[in-house]
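This report concerns only the one structure given below.
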Amino acid sequence: MSERDDEEREFDLRWADGAEHKEPSARARMLAARWKENPPGPVPFRADPEHVGRSGRRSSWVSTVVVLGCVAAVIVLLGYLDFRAPY
């Protein structure tokens, strides 16, 4: 087979997008069948504020202090190593 034959047989996405009927996916068919008998209830987009706790999260200023402290420690360590390096 020549390379030209392969190009002619290649699937053309424009042709597929122009199709009049598109069959739904297997998951879409399964959900449609399930929801026909038992439709889903409303689901909130975000969690309720009562379920979101701040006990496990650090505040933003504590995180900033931790990051800046690490940066300062690295700068001091590099300065100390450079100071002790023999010339």
Side-chain angles (χ1 to χ4, degrees):
M1 266 188 218
S2 69
E3 191 173 316
R4 180 75 177 147
D5 291 336
D6 291 340
E7 291 177 8
E8 290 176 4
R9 293 180 188 189
E10 188 174 335
F11 187 69
D12 187 6
L13 291 176
R14 289 179 299 225
W15 174 80
D17 289 338
E20 292 182 24
H21 176 73
K22 292 184 180 180
E23 184 177 334
S25 67
R27 179 168 173 75
R29 290 191 310 266
M30 180 210 43
L31 289 176
R34 182 185 300 172
W35 291 345
K36 186 180 282 188
E37 297 175 7
N38 187 14
V43 177
F45 178 71
R46 299 190 184 274
D48 294 334
E50 63 192 10
H51 295 139
V52 178
R54 291 195 58 93
S55 61
R57 294 182 54 196
R58 289 187 207 147
S59 63
S60 63
W61 69 269
V62 172
S63 297
T64 303
V65 168
V66 168
V67 169
L68 291 177
C70 290
V71 169
V74 168
I75 290 172
V76 168
L77 178 66
L78 291 175
Y80 176 74
L81 292 177
D82 188 39
F83 180 73
R84 290 188 42 115
Y87 290 103

Could you work out the complete set of other residues in the hydrophobic cluster of L78, with links drawn between I, L, V, M, F, W and Y side chains under 4.5 Å apart?
V74
Taking only residues two or more places apart in sequence or in another chain, which ones pass salt bridge (Lys or Arg N to Asp or Glu O under 4.0 Å) with R34?
none
Residues which pass side-chain hydrogen bond (donor to acceptor under 3.5 Å, both in side chains) with E37, listed by chain and number, not counting sequence neighbours
none
Which residues pass the side-chain hydrogen bond (donor to acceptor under 3.5 Å, both in side chains) test with W35, sequence neighbours left out?
none
Which residues share a side-chain contact (heavy atoms from CB on, under 4.5 Å) with A28, sequence neighbours left out:
P24, S25
Output for pair (C70 SG, I75 CD1), nearest 0.5 Å, gives 11.5 Å
